[in-house]
Amino acid sequence: MPKTLNIFLSGDIVGEPGRRAIREILPAAKKRFKMDFCIANGENAAGGSGITPRTFAELREHGVDVVTSGDHIWDNKEILPYLGVDPVLLRPANFPERAAGRGSVVIQCHAGPKIAVLNLMGRTFMRDADCPFHVAEREILKLRTETPIIIVDMHAETTSEKIALGRFLDGQISALIGTHTHVQTADEQIFPRGTAFLCDAGMTGPHESILGREIEPIIQRFLTQMPQRFEVAKHGIRMCGALVRVETSSGRALSIQRVNIPLENETKDIQAA
Ligand SMILES: [Fe+2]
Ligand SMILES: [Fe+2]
């Protein structure tokens, strides 16, 4: 059994450019950072909104072990039959209990130990959901009977809600990494009782954009308040996330680092186009 594990969590994957980042950046990054396990938020993987069976399969094929999500999980109806059936596709655990799908999973990592992943969603400036603090407490109690290595994807808008949940769970989980805002924050840290934390992992997708969408329609929307089509942008592809090194026996985080890698051959593509 290895003494430590390197666990990566990618922020929201946006559209085809985001999937391209997973296809073309993740394999080399896995080797470079010696990643043992990879989690990715796939709520925007299909055309920028939701996830389809095909895009889910594509992420899995290119090395993503668990796919988390958030408020956009229902955007493509074709994914409904997979929710709750394929255990490595998660929706926030604090959605209503009767909603399709599941919010956590325990996986036997190829390197040996079990890893639990818990997906939660914030409530501040978000759609209605059960209390993430209470649901986290309940879920973590269950997960800790199986493994001390627990990674939480907290899909939420505000930094305060994410920091509060991270502090509340300090010592109970290995890491809490935020997703949803598509903007990577620079506050990576390890709390006193051993939980690694980052407010937002950022976006795996096109950064020459506004949160992954073409720039001009969004500016026009702000200027005019008129409806616009928000197409997924194309350029400035990056894979963003957080890499956490965890002590296998205790589940404590030993280090956390931000990951933000550009797609190297993209400039050539743009010049050729
Ligand atoms: Fe998102
Ligand atoms: Fe979201």
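Ligands are counted one by one from 1 in listed order, and the atoms in each one are counted from 1 as well.
One of the N, O or S atoms belonging to Asp12 lies under 2.8 Å away from the Fe ion (ligand 1). Here Thr181 fails the criterion, with no N, O or S atom under 2.8 Å of the Fe ion (ligand 1). For the Fe ion (ligand 1), the set of nearby N, O or S atoms under 2.8 Å includes none belonging to His180.
Partners of Phe95 under the ring pair (Phe, Tyr, Trp, His ring centres under 6.0 Å) rule, at least two apart in sequence or in another chain, are Trp74. Scanning for ring pair (Phe, Tyr, Trp, His ring centres under 6.0 Å) contacts around Phe197 gives Phe191, with sequence neighbours left out.
For Asp71, the N, O or S atom closest to the Fe ion (ligand 2) goes by the atom name OD1. The Fe ion (ligand 2) sits nearest to atom NE2 when only the N, O or S atoms of His155 are considered. Closest to the Fe ion (ligand 1) among the N, O or S atoms of Glu43 is OE2.
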Going through the checks in order, is the salt bridge (Lys or Arg N to Asp or Glu O under 4.0 Å) test met by Asp200 and Lys162?
CA-CA 9 Å; Asp200 208 291; Lys162 297 186 209 189; 2.9 Å; yes
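Side chains of Ser104 and Glu139: a donor on one and an acceptor on the other come within 3.5 Å. Side chains of His180 and Asn41: a donor-acceptor N/O pair is absent below 3.5 angstrom, by distance only.
When all heavy atoms of Ala156 and Glu161 are compared, the closest pair comes out as CB-OE1, 4.3 Å.
Take the Fe ion (ligand 1) as the corner point: the lines to NE2 of His182 and to OD1 of Asn44 open at 90°, to the nearest 10 degrees.
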